[in-house]
Amino acid sequence: MSGVTLKNAIKRYGETQVIHGIDLTIDHGEFCVFVGPSGCGKSTLLRMIAGLEETTDGVIEIGSRDVTRADPAERGIAMVFQTYALYPHMTVAENMGFGLKMNGVAKAEITERVGEASRILKLDDYLERKPKALSGGQRQRVAIGRAIVRGPEVFLFDEPLSNLDAELRVDMRVEIARLHKEIGATMIYVTHDQVEAMTLADKIVVLRAGVIEQVGSPLGLYNDPDNKFVAGFIGSPSMNFMEAVVEGAGVRIPALDDMIVATDVALPAAGQPVTIGVRPQNITLSAGDGTTTLGLREHLGGVAYDYLDTKTGERVIVESRGESEVKSGAPVKVSFAAEDAMFFDAKTEARLR
Amino acid sequence: MSGVTLKNAIKRYGETQVIHGIDLTIDHGEFCVFVGPSGCGKSTLLRMIAGLEETTDGVIEIGSRDVTRADPAERGIAMVFQTYALYPHMTVAENMGFGLKMNGVAKAEITERVGEASRILKLDDYLERKPKALSGGQRQRVAIGRAIVRGPEVFLFDEPLSNLDAELRVDMRVEIARLHKEIGATMIYVTHDQVEAMTLADKIVVLRAGVIEQVGSPLGLYNDPDNKFVAGFIGSPSMNFMEAVVEGAGVRIPALDDMIVATDVALPAAGQPVTIGVRPQNITLSAGDGTTTLGLREHLGGVAYDYLDTKTGERVIVESRGESEVKSGAPVKVSFAAEDAMFFDAKTEARLR
Amino acid sequence: MAVTDTGTQSKQSWLKRNKLTVTPWVFLAPALCFFAIYVVIPIFESLWLSLYEWNGLYDADGNSTAVWVGFDNYVKLWGDPKFWTSLVNNVIWLVMFMLAVPAGLFIALFLNQSVPGMRLYKSLFFFPFVISQVVVGLIFGWFYNPDFGVVGSLWKAVYCEETVNIVGNLTFRCSAPVPDILSSETWATYGIILAGLWPQIAYCMILYLTGLNNVASDQIEAARLDGAKGWKMLWYVVLPQLRPATFIAVVVTVIGALRSFDMVAIMTGGGPGEGSTNVLAYYMYETAISEYGERYGYGSAIATVLFAIMLVYISYFLHRMYQDEKGGH
Amino acid sequence: GDLVINFDDLNPGPKQGFEDAVELFKSENPDINVIVNINDREAHKTAIRNFLTADAPDVTSWYPGNRMAPFVDAGLFQPVDDVWEENGFNEDLAAIKPTMSRDGKIWGVPYSYYQWGVYYRKDIFDKLELAEPTTWDELIAACGTMKEAGVTPFTIGTKFLWTAAGVFDYINLRTNGYDVHNDLTAGKIKYTDERIVQTFKNWEQMIGECGFVDNHASMSWQDAIAPFSNGDAAMYVMGNFAVDGFINAGLTEEQIDFFQFPEITPGMARAEEAPADAFFIPANAKNVEDAKKFLAFVARADVQSQWNKTIGQLPVNAKSEISDNKFIQEGFATVSTAAGLAQFYDRDAPAAMAKAGMEGFQKFMIDPSTMMEVLERLDEVQAEVYE
Amino acid sequence: MFPRPIEKSSPARRVGYQAFLPVALLIWLLPLLAIFLTSIRSAVDINSGNVFGWPSQFRMLENYTAVFTQSDAAKYMLNSVLITVPSVAISVTLACLAGYALAIYRFRVALPLFFLFVAGNFIPFQILMVPVRDMSVQSGLYNTIAGQFLFHAAFQTGFCTLFMRNFIKALPFELIESARVEGVKEWRIFVFVVLPLVRPAIAALAVLIFTFVWNDFFWANVLTQGEAVKPITAGVRALNGQFVNNWHLVSAASLMAAVPPVMMFFLMQKHFIAGLTLGAVK
Ligand SMILES: Nc1ncnc2c1ncn2[C@@H]1O[C@H](COP(=O)(O)OP(=O)(O)OP(=O)(O)O)[C@@H](O)[C@H]1O
Ligand SMILES: Nc1ncnc2c1ncn2[C@@H]1O[C@H](COP(=O)(O)OP(=O)(O)OP(=O)(O)O)[C@@H](O)[C@H]1O
Ligand SMILES: [Mg+2]
Ligand SMILES: [Mg+2]
């Protein structure tokens with residue numbers, strides 16, 4: 001069993017605290033993704049698990065061993081870096097076998113295990129090449145191969161795909177998903193790419209400023225975010241947020257010509273401000289006569305994004321399929337099902353349920 | 001009038017020919033986007049128009065002047081580079097006014113024209129800053145400002161947004177669209193980003209290996225591609241292609257359990273191979289009992305991508321909305337409307353119509 | 001008229017058309033002139049002069065008194081033991097000087113830490129390189145001096161006792177004679193090289209310190225995960241990344257070794273004995289223009305040999321550079 | 001007009017003597033603007049080769065004998081027979097005339113020479129009750145006494161080589177005489193000639209039974225004064241210019257004295273080292289007229305008297321007065337009674353030979369067992385240099 | 001990056017390291033320190049063999065003043081300045097021009113010409129000695145300040161060009177293209193775009209060349225005679241002859257000769273090191 005457990009993990013650089021007491025349990029075999037805006041501490045947290053950054057306080061356990069102060073090499077982990085960090089002067093085979101060689105594994109066994117990994121990753125033809133002679137995707141595969149070869153209990157990935165171009169990224173994403181299925185090891189994966197997070201994760205950890213905002217399955221987070229931050233962060237294009245005012249059993253939305261949306265969530269007192277959120281997919285447009293007009297329309301073939309100009313200046317994006325008769329610049333009517341709307345406290349940004 | 005016309009434009013580097021006789025007319029005021037895979041010659045073509053690369057053969061006209069051998073400065077063009085190419089030792093205002101100053105324009109006029117451009121680009125607050133003190137988006141705007149100031153007839157952009165992060169890219173895209181509307185000058189824009197091409201262009205030029213594959217409006221290309229390359233290149237996720245065999249008035253698709261698709265396009269003789277293409281959005285799935293199974297399913301919240309494993313090993317991607325009951329690994333039935341399918345010659349890859 | 005018109009037009013447009021061809025030459029001209037006059041042409045003159053016998057004198061009318069002797073100078077060189085001594089010494093220099101590379105690396109590794117005041121330490125360590133070789137030579141010459149120098153003083157402290165001599169002045173009686181490094185045919189060369197190593201190590205150290213700055217941290221981290229430590233880390237991961245620094249360190253060290261002149265001139269003047277610390281650079285100088293020299297042709301022949309040796313390194317360096325240039329574009 | 005003079009000695013005494021003379025010359029010739037370049041001696045030796053063609057002064061100091069030969073041969077000096085003629089130098093400077101001549105012409109005017117010999121610490125000799133040795137055996141015996149008393153007999157600094165040549169010259173002159181010296185430096189005798197070998201054997205004996213200070217190869221001649229002045233060494237084979245150095249090092253004239261290098265081969269006619277310093281007129285001199293005036297001036301009896309008094313050397317002009325300094329007196333006695341005057345090894349032998357020879361001497365002094373190796377090597381050089 | 005940051009190891013090691021640093025430095029600079037101590041000793045100390053111990057008297061001011069009053073050291077220093085400054089100015093100027101041409105323009109002989117400069121930078125300068133000296137003599141430049149700085153300027157141009165060319169080459173080429181599109185003339189691109197951007201390189205080169213030329217000894221010997229135009233390096237050697245047995249004065253003079261490059265290094269350290277490594281490694 002080799003899950004990873006963090007108990008009140010804290011990281012300080014001198015005075016500045018970067019990670020604020022993270023408690024987290026990742027089960028054996030789970031694929032856990034850390035997401036969050038740039039600088040929120042994803043990499044730091046991952047590197048603390050790897051042992052590349054010292055943990056200022058708290059405990060990190062891998063399996064049942066406390067590894068908080070252990071050497072990186074002793075933690076039974078392998079890491080794939082964003083930059084791949086391949087040794088440029090070694091061939092692919094040497095790169096993959098380096099860790100074993102350093103640990104005194106016999107030559108024959110190294111060859112065998114490298115062969116195994118290269119088979120899994122379809123790298124057989126490149127074993128004698130230097131990294132320079134490989135494409136980005138191949139390098140990435142070598143980096144993963146190097147991790148696999150050592151047979152670690154936990155794989156750590158730090159934005160492994162962000163240096164690849166869009167197409168390759170999709171392929172490698174699928175590859176990593178397959179790999180996880182095949183090996184079944186615990187994987188912790190840092191990304192800022194939503195799609196990767198949504199498609200790969202068993203469990204997503206949303207971080208903000210060194211604090212966990214929410215932990216859950218991808219669809220769990222998408223469908224049932226705990227707060228405005230998570231709601232806005234998960235889903236693409238991101239959720240539209242508008243200011244609203246509580247009125248009776250619903251809210252009034254000034255941006256949409258004081259449209260009233262009824263809801264049965266626990267709203268604050270009448271007259272209080274709340275934030276309402278609706279996903280672009282859940283909005284439909286029709287010709288209208290209010291103050292909301294259709295700004296720019298972006299056609300992407302199968303789907304189009306309409307940018308609405310509202311009277312309050314809040315921008316609303318609507319995803320639509322198929323052709324629409326509404327012309328750019330014309331007034332539109334916005335409608336959505338009340339159950340598709342989410343409500344958030346205007347101050348704390350917590351979800352109102 | 002300042003359209004751009006290329007007549008049999010050719011570029012050779014020593015022995016290797018990079019641009020193979022391009023004929024192209026870009027109308028005055030048009031927004032023309034060059035797309036194509038990396039290395040296809042987009043930048044080279046743009047730089048030929050700019051005069052930064054010598055044109056080996058053929059004629060380039062701007063307006064009605066033959067500028068094939070003219071100096072870049074004499075062509076009435078302005079160029080925005082991917083790297084912005086701002087002069088780091090000059091302030092924003094100096095950067096924008098540099099070209100004018102060097103060409104002996106009076107100080108007062110420089111100030112006025114820089115002021116005008118900075119107003120359009122909302123750069124007024126930054127005029128005295130050095131580029132180092134600007135964000136990526138602001139730098140990009142300065143680069144555009146520098147182009148505007150000279151009042152060129154033609155603007156050339158070489159992947160101007162590719163150094164920005166995703167969010168900013170969207171904003172700047174909208175900005176450039178607005179600018180084009182406002183200035184109305186001819187613009188030629190190189191990108192490898194589909195979305196940019198689809199949303200900005202009046203006319204898209206699809207290049208492959210130094211040759212034009214197709215020229216047309218964004219939706220024109222999406223809906224009516226001339227060949228398999230364009231069909232696959234435009235649209236995201238890209239079109240699914242499967243081998244098929246002509247049978248009677250339709251084709252049989254081995255990958256989909258010999259499903260027959262009827263069509264009235266001009267097919268080759270019965271038994272001949274063709275390629276059939278269907279966009280992921282146009283396919284629907286239901287539980288089935290054939291050999292096609294649902295492989296990986298990627299949930300992105302609003303939309304999900306299903307990766308189908310077919311018996312021939314061809315991979316088919318299906319975009320679906322809402323929940324689907326089909327489980328990963330289960331056999332599925334694939335269906336799509338016959339009119340959504342496109343047919344391509346198996347050899348020439350030309351569209352069959 | 002039409003003919004002249006097109007004539008002037010094509011004339012104007014020639015300059016214009018070839019603007020990018022002509023401009024670089026305008027920019028290059030001054031440097032090229034200087035360089036040609038003082039460097040390129042003299043090289044060939046030297047080669048040519050090595051085929052003459054000349055005592056460097058012009059007669060009162062300014063005509064050279066040189067006499068053509070063909071390859072005689074080279075034949076003489078072959079049989080000249082001082083030439084061979086110099087050559088062997090140059091080889092010793094080359095080999096010993098190479099110590100500067102690992103020594104520089106070692107110090108660089110030692111100093112590659114960030115503690116308060118490190119910048120100052122680093123620059124103080126670099127100090128010897130900035131000092132003129134003449135000064136370094138004087139310093140070490142004095143350092144080695146058996147009577148007044150540090151070596152002498154230390155030796156006296158250990159092996160000698162202070163006594164009073166016959167006229168009542170203080171003197172030292174030593175159980176073993178003070179080593180006189182610079183007067184020993186065996187040790188003088190090594191003494192000079194040691195002095196030369198001092199600034200050279202500092203140079204290599206700086207090169208390595210900069211190289212270490214650019215070592216990819218991700219590779220180091222990957223290697224740490226791979227369990228590489230200490231020497232293994234250095235050997236397998238760090239050194240390969242320091243290859244450019246090593247290359248340059250070797251190049252400058254080779255050049256330094258072959259150019260060694262100042263130190264020899266200052267510390268021993270080629271002596272003791274029959275040029276036992278001579279090196280080609282100094283022997284050439286000595287032969288051509290020192291007090292007992294006046295053999296310009298012969299000196300040029302020595303310089304030519306030195307040049308030929310250096311040419312091997314220059315070619316290698318240029319080859320490397322050419323590869324880089326090709327790769328870069 | 002301008003009269004440019006290049007002079008070759010920065011040491012305080014000689015510099016003073018020269019400058020005084022120049023002052024006197026100036027006051028006698030107020031219309032001549034004298035410009036003086038004084039250089040370190042070693043530097044001057046290098047520089048002269050260029051300035052004679054390129055940037056010739058009107059007068060330069062240089063040395064007679066073989067040292068002036070290349071310049072004379074290249075036509076870079078002007079003959080000054082007329083100066084000698086007009087001023088009666090042919091008589092007054094007769095002793096030196098042969099070394100100033102080449103190809104039948106006279107090329108310069110000497111202003112000074114000085115004796116060589118053995119300077120010693122009189123106080124030490126007195127303490128050890130030693131008398132000035134006059135024969136080789138006496139010298140060796142005296143050395144024994146000194147060594148017993150913990151005194152190193154000889155000091156020397158061979159870093160710049162020529163000091164060793166002085167010792168060699170003396171042993172050779174005393175062993176084989178003036179003619180052999182001349183034949184050797186003229187390339188007529190091989191170094192492996194048994195007579196020269198005998199010289200070296202005597203030298204070896206001197207090194208072994210007398211002995212020189214340690215570390216002499218890393219000392220200049222000035223450095224070597226230190227043990228002498230400190231009383232660690234008792235004798236110094238040197239030229240008279242060294243007396244200045246002794247005094248500067250804190251010794252008094254009473255503490256030092258001079259004796260002629262002892263006899264080795266009994267009955268051998270006594271020749272001495274007595275190098276002369278002279279002035280020459282470059283062929284390219286611009287102001288020849290004033291240059292000749294200056295040459296005539298420096299050889300004048302009164303000028304030489306005064307000048308040599310200042311620098312503690314011997315005037316060449318026979319009519320000059322000699323200072324009453326005891327070294328000068330003794331030196332004059334030594335030189336004027338000598339059977340022959342040698343210039344010096346490195347002035348009598350061609351440059352390339354001199355260089356190789358002196359290197360050999362130094363090597364030999366460091367390790368006498370290399371004697372034959374050194375001599376054979378010198379034969380090779382000789383064969384090449386005099387070809 | 002390697003070895004492991006000391007702040008991550010145990011406090012004992014850290015303290016040990018910090019304590020050892022000054023010791024190591026002391027050993028490393030021992031020769032320099034010794035000569036400095038000598039330079040502030042009195043003659044009495046030197047003669048009594050007190051070379052290593054604590055000076056019995058501190059004679060710093062006296063000794064250093066003596067160097068200047070008893071010798072031509074001041075003149076030598078001035079000569080060094082007069083030789084070094086124009087050398088630096090000329091070679092850097094030439095190299096900027098040449099480097100620009102070689103970096104920006106694509107023409108067939110650009111690379112061979114560049115290699116010529118590089119090769120010239122590495123040759124043993126003994127091969128130039130006789131012809132250059134001879135040429136200087138013939139042209140009246142022998143034994144002049146100009147003769148020395150012209151040669152140094154020319155010789156250093158090789159290195160400077162290597163350096164500037166690589167530096168300019170590393171500038172984004174788009175800057176030049178952009179200016180060309182804007183119709184800026186070539187020489188104005190050089191003046192207004194390139195020169196301001198290579199200022200750091202110029203500074204780096206200037207300090208480096210300053211040190212090289214200042215410390216030159218060989219050419220001072222080859223191209224001068226006498227004291228009139230001799231630079232301090234050669235001067236120090238002459239002083240060595242003059243101050244026989246006055247090691248305290250020789251030491252003081254030697255240190256004086258070293259002061260300007262050392263000052264230069266300290267003031268412009270960043271540039272200096274950048275110059276060394278960039279120029280060399282690139
Ligand atoms: N060595 C350090 N010293 C001080 N602060 C640091 C250090 N390293 C990182 N930080 C800070 O820690 C915070 C978290 O950094 P981290 O690299 O973990 O962010 P991230 O979530 O990985 O961001 P990104 O998505 O950009 O990679 C940042 O605010 C960063 O400024
Ligand atoms: N100077 C050159 N010499 C030889 N070939 C060149 C040169 N410059 C470009 N090429 C070649 O010309 C082709 C087109 O290059 P270009 O830069 O125009 O491609 P691109 O479409 O802009 O690609 P990208 O999307 O990567 O920018 C490439 O195959 C490239 O290798
Ligand atoms: Mg990160
Ligand atoms: Mg491009």
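Proteins come first, then strands; the chains are lettered A, B, ... in the order of their sequence lines, and each starts at number 1. Given the structure is predicted, the values throughout are model-derived calculations rather than measurements.
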*Under 4.5 Å from any heavy atom of chain E - which part of C:Trp54*: side chain

*Could you look at E:Met264 and say if it's the side chain, the backbone, both or neither that has a heavy atom under 4.5 Å from chain C?*
neither

*Considering only heavy atoms, which portion of E:Pro22 lies under 4.5 Å from any heavy atom of chain C: side chain, backbone, both, or neither?*
both

*Is there side-chain contact between C:Val22 and E:Tyr105, with at least one heavy-atom pair below 4.5 Å?*
no

_Quick check on E:Arg165 against chain C: is it the side chain, the backbone, both or neither that has a heavy atom closer than 4.5 Å?_
side chain

*Check each atom of E:Trp214 against the heavy atoms of chain C and say whether the ones under 4.5 Å are side chain, backbone, both or neither.*
neither

*Is the side chain of C:Ser46 donor-acceptor paired with the backbone N or O of E:Ile127 at a distance under 3.5 Å, no angle test?*
yes

*Report yes if the side chains of C:Met321 and E:Phe114 come closer than 4.5 Å at any heavy-atom pair, otherwise no.*
yes

*So what's closer than 4.5 Å to chain C heavy atoms on E:Val222: side chain, backbone, both or neither?*
both

*asked:* With a 4.5 Å cut-off on side-chain heavy atoms, are E:Gln269 and C:Arg119 touching?
replied: yes

*asked:* Between C:Leu32 and E:Leu113, is the side-chain contact (heavy atoms from CB on, under 4.5 Å) condition met? List the steps.
replied: CA-CA 9 Å; C:Leu32 268 185; E:Leu113 275 183; 3.9 Å; yes

*How about C:Phe317 and E:Phe122: are their ring centroids closer than 6.0 Å?*
yes

*Quick one: do C:Met284 and E:Val130 satisfy side-chain contact (heavy atoms from CB on, under 4.5 Å)? Show the steps, please.*
CA-CA 10 Å; C:Met284 187 268 158; E:Val130 171; 3.9 Å; yes

*Name the region of E:Phe107, side chain, backbone, both or neither, that has any atom closer than 4.5 Å to a heavy atom of chain C.*
side chain

_Contacting region of C:Val254 [heavy-atom separation from chain E under 4.5 Å]_ = neither

*Could you tell me whether the side chain of E:Tyr17 reaches within less than 4.5 Å of the side chain of C:Val115, counting heavy atoms only?*
yes

_With a 4.5 angstrom heavy-atom cut-off, is it the side chain or the backbone of C:Ile37 that approaches chain E, or both, or neither?_
both

*Sort C:Ala36 into side chain, backbone, both or neither according to what part of it lies under 4.5 angstrom from a heavy atom of chain E.*
neither

*Is any side-chain heavy atom of C:Met310 less than 4.5 Å from a side-chain heavy atom of E:Ile123?*
no

*Quick one: what part of C:Ala202 sits under 4.5 Å from any heavy atom of chain E, side chain, backbone, both or neither?*
both

*Does E:Gln126 offer a backbone N or O that forms a donor-acceptor pair with the side chain of C:Arg259 under 3.5 Å?*
no

_E:Gln18 side chain near C:Pro116 side chain, heavy-atom distance below 4.5 Å_ = yes

*Donor-acceptor pair, E:Asn215 side chain versus C:Val130 backbone, under 3.5 Å?*
yes

*Who wins among E:Leu150, E:Thr211, E:Ile104 for the most heavy-atom pairs under 4.5 Å with chain C?*
E:Leu150

*Heavy-atom check, side chain of C:Leu28 versus side chain of E:Leu97, under 4.5 Å*: no

*For chain E, find which of C:Tyr296, C:Phe307, C:Phe125 contributes the most heavy-atom pairs closer than 4.5 angstrom.*
C:Phe125

*Got C:Asp262 and E:Thr233 here, is their nearest side-chain heavy-atom distance under 4.5 Å?*
no

*So, do C:Phe127 and E:Trp28 have ring centers that fall under 6.0 Å from each other?*
no

*Which bit of E:Phe190 comes within less than 4.5 Å of chain C, counting heavy atoms only: side chain, backbone, both or neither?*
side chain

*Step through it carefully: locate the ring centre of C:Phe110, locate the ring centre of E:Phe20, and say whether they are under 6.0 Å apart.*
yes

*Would you please test E:Ile35 and C:Phe140 for side-chain contact (heavy atoms from CB on, under 4.5 Å) and show each step?*
CA-CA 9 Å; E:Ile35 198 171; C:Phe140 272 80; over 6 Å; no

*Using non-hydrogen atoms only, which part of C:Ile302 is less than 4.5 Å away from chain E: side chain, backbone, both, or neither?*
neither

*Is it the backbone or the side chain of E:Tyr100 that comes under 4.5 Å from a heavy atom of chain C, or both, or neither?*
side chain

